[in-house]
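A single structure is presented below for examination.
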Number of protein chains: 2
Amino acid sequence: MPTSGSGVNKPGAAPGPEKTKGRLTIADIAREVGVSPSAVSFALNGRPGVSEATRTRILQAAERMNWHPHSAARALGGAPAGAVGLVLARPTRTLGAEPFYAQLIYGMQSVLSARSVALLLQVVDDTEAELAVYRRWAGEQRVDGLLIVDPQTRDPRIAVVEALGVPAIVLGGHGRHGDLPTVWADDREAMLETVRYLAALGHTRIAHVAGTPTFQHTQRRIRALKDAATQLGLAETQSLPTDFSDGEGAAVTRRLLSQPDAPTAIVYDSDLMAVAGLGVATEMGVPVPGELSIVSFDDSVLTRVMHPAITALSRDTHALGVQVAEALLRIVENPGSVGDIKAATPRLTVRESTAKPRR
Amino acid sequence: MPTSGSGVNKPGAAPGPEKTKGRLTIADIAREVGVSPSAVSFALNGRPGVSEATRTRILQAAERMNWHPHSAARALGGAPAGAVGLVLARPTRTLGAEPFYAQLIYGMQSVLSARSVALLLQVVDDTEAELAVYRRWAGEQRVDGLLIVDPQTRDPRIAVVEALGVPAIVLGGHGRHGDLPTVWADDREAMLETVRYLAALGHTRIAHVAGTPTFQHTQRRIRALKDAATQLGLAETQSLPTDFSDGEGAAVTRRLLSQPDAPTAIVYDSDLMAVAGLGVATEMGVPVPGELSIVSFDDSVLTRVMHPAITALSRDTHALGVQVAEALLRIVENPGSVGDIKAATPRLTVRESTAKPRR
DNA sequence: CCCAGCTGCTTTAGCGCTTAAGTGGCTTAT
DNA sequence: ATAAGCCACTTAAGCGCTAAAGCAGCTGGG
């Protein structure tokens with residue numbers, strides 16, 4: 001039981017002039033100022049019912065005594081919990097390496113901390129565990145809103161979260177996700193732009209090292225590549241699924257480069273896999289961009305720091321986090337007020353890893 | 001106000017057999033089973049005072065009705081908040097790229113989520129803001145414990161957190177940090193081992209691209225390098241401070257390699273800076289490890305994925321997170337029960353970026 | 001046969017806060 | 001002149017839960 005205000009806290013110290021209790025409450029302020037606790041409550045919450053003079057005195061006393069509202073007491077009265085929740089269910093190894101979530105979280109923070117909303121973070125192993133966390137948080141009334149990431153086809157989480165009645169935003173969905181609004185980027189357009197660029201350079205054998213195939217955004221990219229191939233008349237394109245890990249990214253690259261008609265360009269669904277792929281190319285003596293062009297579908301320091309620096313579809317993940325957090329807070333305050341939001345389409349940032357194929 | 005259990009929630013619906021209230025409470029369970037709310041509370045908390053038969057019926061009812069305790073109501077009664085807090089005050093750009101904190105957090109999660117303890121995460125700009133967050137969390141009774149990272153010399157946070165009376169663990173401290181216990185790694189020994197190895201290879205001009213100089217662990221490393229130099233008779237060693245960003249890492253490397261007597265080996269305080277440094281070497285045509293050996297003081301996918309792969313001091317950051325979380329939970333339950341804990345000393349993992357200096 | 005001492009409950013109070021419902025004292029409308 | 005209204009408060013109740021205290025009904029010792 002973490003009590004004690006500042007240290008002078010002898011339990012039995014009899015006749016102290018001030019009630020040396022553990023916590024500082026509005027009752028203490030009320031006593032100090034000489035009004036009732038409700039008057040203090042009114043003053044602190046900017047509600048009418050107290051004169052300006054009294055309000056000022058109360059506010060000053062609260063400030064001086066360094067009082068903070070007890071979040072539990074407020075929440076008990078039906079006030080919001082002052083927190084939003086995020087559950088991540090990707091394998092830990094990958095998560096630690098991928099800057100995406102970290103950036104996203106830091107972006108969210110810039111909005112959340114300004115509004116003094118806490119972020120509850122939980123990392124779990126699978127969707128089952130994720131659902132359990134949602135159920136618990138909802139039951140315990142711990143969060144006012146949820147951010148659901150990596151939507152999948154027929155995602156079981158949607159129905160559960162809707163049934164729980166907790167406001168939520170889906171990141172990266174598009175298509176059906178119940179009545180939950182989504183913040184999404186146009187992966188399709190980004191992929192089309194990339195393939196058009198590679199085709200313009202003269203590439204015809206383009207491979208796509210994709211992420212987890214059940215993710216909606218992965219599927220959109222795969223479909224976009226296929227469509228682009230049809231449009232541009234590229235015969236030999238292929239999408240290969242992975243689990244987003246650098247290990248699989250490397251393995252798939254090795255397989256691709258060992259083929260008789262190896263691709264001359266590879267698009268990776270994450271920066272980490274692109275880096276791993278570049279490593280494999282170097283290791284196999286395939287010059288980049290001489291014989292192989294590489295594009296990453298995610299940008300970060302990783303891509304910039306490599307040699308050659310990797311051409312990437314960059315988006316401002318931090319800004320995305322800001323957008324998501326804002327949408328989340330809006331839907332918490334006013335459910336139904338948020339529709340689907342289209343984030344900025346990733347733009348192709350050309351660096352040193354792409355060039356005309358040597359022929 | 002996020003209420004409503006599942007949807008059937010008409011406020012005025014008069015004579016329903018079940019009280020269609022928003023939240024499911026122990027009173028509902030009590031009514032269902034036919035006992036008083038306290039009996040339910042006793043049963044759910046495994047306390048004596050109810051017969052086994054009744055206890056079973058209550059537990060089953062709670063399970064069947066999918067009841068969860070309202071965390072705020074519990075907390076109000078003085079129960080722990082069921083959450084621990086972590087504030088990060090490094091610049092966002094760096095944080096997103098560095099795998100360290102992400103790994104640490106995921107490690108902590110594996111302990112915390114097993115015990116259903118939530119992690120409150122906040123990213124702030126500076127120490128002042130960090131202190132404000134601690135004060136607020138303590139006042140709002142939001143957290144049961146805190147993890148303080150990146151301890152500095154005469155760290156103001158220590159005194160504040162101790163005064164607030166919130167149990168806390170310091171990560172990476174050593175020396176004085178009030179009465180707060182620390183989980184620390186022996187950076188000194190790690191640095192000594194590294195320098196000995198480089199010296200054994202034949203390096204004499206060894207540079208150290210350090211992190212933020214006010215951090216205690218940075219200082220320990222700087223001092224260790226100096227001591228090693230004295231012991232081994234290396235004249236030309238130097239430690240150069242940075243802010244841990246890849247930008248500064250690159251800039252400092254550029255400066256070092258432009259000197260007339262450029263170092264033949266550089267130790268970087270983070271993997272991200274090591275990668276940036278390797279990039280600069282490549283860009284300047286300095287072969288690694290031919291003319292320059294590179295060691296990273298932190299290991300991750302980054303170092304493994306590069307070509308050449310970077311020799312690094314590796315420690316299991318995930319395991320460190322586990323250790324930290326365990327210590328934190330222990331000190332929350334029983335303040336004073338935790339002393340300083342020494343984590344595993346990082347071991348040198350030799351890869352391709354280190355070799356004898358060409359002479 | 002009475003009462004202490006159980007067991008297995010229920011009643012009551014209280015955690016810190018919000019909020020609906022009072023309550024005096026004064027002003028204003030009629 | 002008196003009712004009505006308003007201001008600036010106070011009182012009281014309640015959020016969901018825990019915990020101390022109370023209280024029936026039974027058992028067994030003296």
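What you are looking at is a predicted structure, and each value in this text was computed from that prediction instead of being measured. Residue numbers start from 1 in every chain, and the chains themselves are labelled A, B, ... in the order their sequence lines are given, proteins ahead of strands.
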ask   = Once you build an axis from the first five pairs and another from the last five of the helix from C:dC1-D:dG30 to C:dT30-D:dA1, how far apart in angle are they, to 10 degrees?
value =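 The two end axes of the helix from C:dC1-D:dG30 to C:dT30-D:dA1 meet at 70°.
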message = On DNA chain D, compare the nucleotides closest to A:Ala73 and A:Thr54; which residue's is nearer the 5' end?
response = A:Thr54
ask   = Roughly how far apart are A:Asp340 CG and A:Ile169 CD1, rounded to 0.5 Å?
value =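 Interatomic distance, A:Asp340 CG to A:Ile169 CD1, rounded to 0.5 Å: 9.0 Å.
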task = Return no unless some side-chain N or O of B:Arg23 is found under 4.0 Å from OP1 or OP2 of D:dC15.
result =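 Answer no for this pair, as no side-chain N or O of B:Arg23 is under 4.0 Å from OP1 or OP2.
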ask   = For the pair made of NE2 in B:His70 and P in D:dC17, what is the distance, rounded to whole Å?
value =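 Taking NE2 of B:His70 and P of D:dC17, I get 7 Å after rounding.
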key: Minimum side-chain heavy-atom gap A:Glu326-A:Ile341 below 4.5 Å   = no
request  = Give the rounded distance in Å between these two atoms: CZ of A:Arg31 and C1' of D:dT10.
outcome  = 16 Å
query = In residues 37-45 of chain A, which residues come under 4.0 Å of DNA chain D by heavy atom?
reply =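 Hits under 4.0 Å, by residue number: A:Ser38, A:Ala39, A:Phe42.
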ask   = Using a cut-off of 4.0 Å on non-hydrogen atoms, how would the nucleic acid contact of B:Pro48 be classed: base, sugar-phosphate, or nothing?
value = nothing
query = B:Leu147 versus B:Leu171: any side-chain heavy-atom pair under 4.5 Å?
reply = yes
task = Rounded off to whole Å, could you give me the CD-to-C1' distance for the A:Glu140 and D:dG16 pair?
result = 13 Å
Nearest-neighbour nucleotide for the A:Arg74 side chain, C:dC17, C:dT10, D:dC17 considered =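 Per side-chain heavy atoms of A:Arg74, the pick is C:dC17.
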message = How many whole angstroms separate atom CZ of A:Arg55 from atom C1' of D:dC7?
response =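 The distance from CZ of A:Arg55 to C1' of D:dC7 comes to 13 Å, rounded to the nearest Å.
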message = If I take atom CZ from residue A:Arg142 and atom NE2 from residue B:His70, how far apart are they, to the nearest 0.5 angstrom?
response = 10.5 Å
task = Starting from P on C:dC9, measure out to CZ on B:Arg47 and report it in whole angstrom.
result = 15 Å
Approximate separation, where rounding is to 0.5 Å, of B:Glu63 CD and B:Ile29 CD1 = 10.5 Å
ask   = Taking it one step at a time, do A:Glu32 and A:Asp28 satisfy side-chain contact (heavy atoms from CB on, under 4.5 Å)?
value = CA-CA 6 Å; A:Glu32 175 85 6; A:Asp28 298 318; over 6 Å; no
query = Looking only at heavy atoms, which two atoms of B:Val123 and A:Ser113 are closest? And how far apart?
reply = O-OG, 4.1 Å
inquiry  = How about CG on A:Asp179, more than 12 heavy atoms from neighbouring residues, nucleotides or ligands closer than 6.0 Å, or not?
reply    =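 No - once you tally the heavy atoms of other residues, nucleotides and ligands closer than 6.0 Å, there are 12 at most.
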query = So which nucleotide from D:dC9, C:dC17, C:dT11 ends up closest to the side chain of A:Thr25?
reply = C:dC17
ask   = Rounded to the Å, how far apart are B:Ile26 CD1 and C:dT11 P?
value =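 So the two atoms are 14 Å apart, to the nearest Å.
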ask   = Roughly, in whole Å, what's the span from CZ in B:Arg57 to P in C:dG8?
value =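 For the pair B:Arg57 CZ and C:dG8 P, the rounded distance is 13 Å.
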query = Atom CG of B:Leu76 to atom P of D:dC15: distance rounded to whole Å?
reply =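 The answer, rounded to whole Å, is 13 Å.
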inquiry  = Quick one, A:Tyr101 with A:Leu86, criterion side-chain contact (heavy atoms from CB on, under 4.5 Å). Give me CA distance, side-chain angles, the key distance, then yes/no.
reply    = CA-CA 11 Å; A:Tyr101 288 108; A:Leu86 171 62; 5.7 Å; no
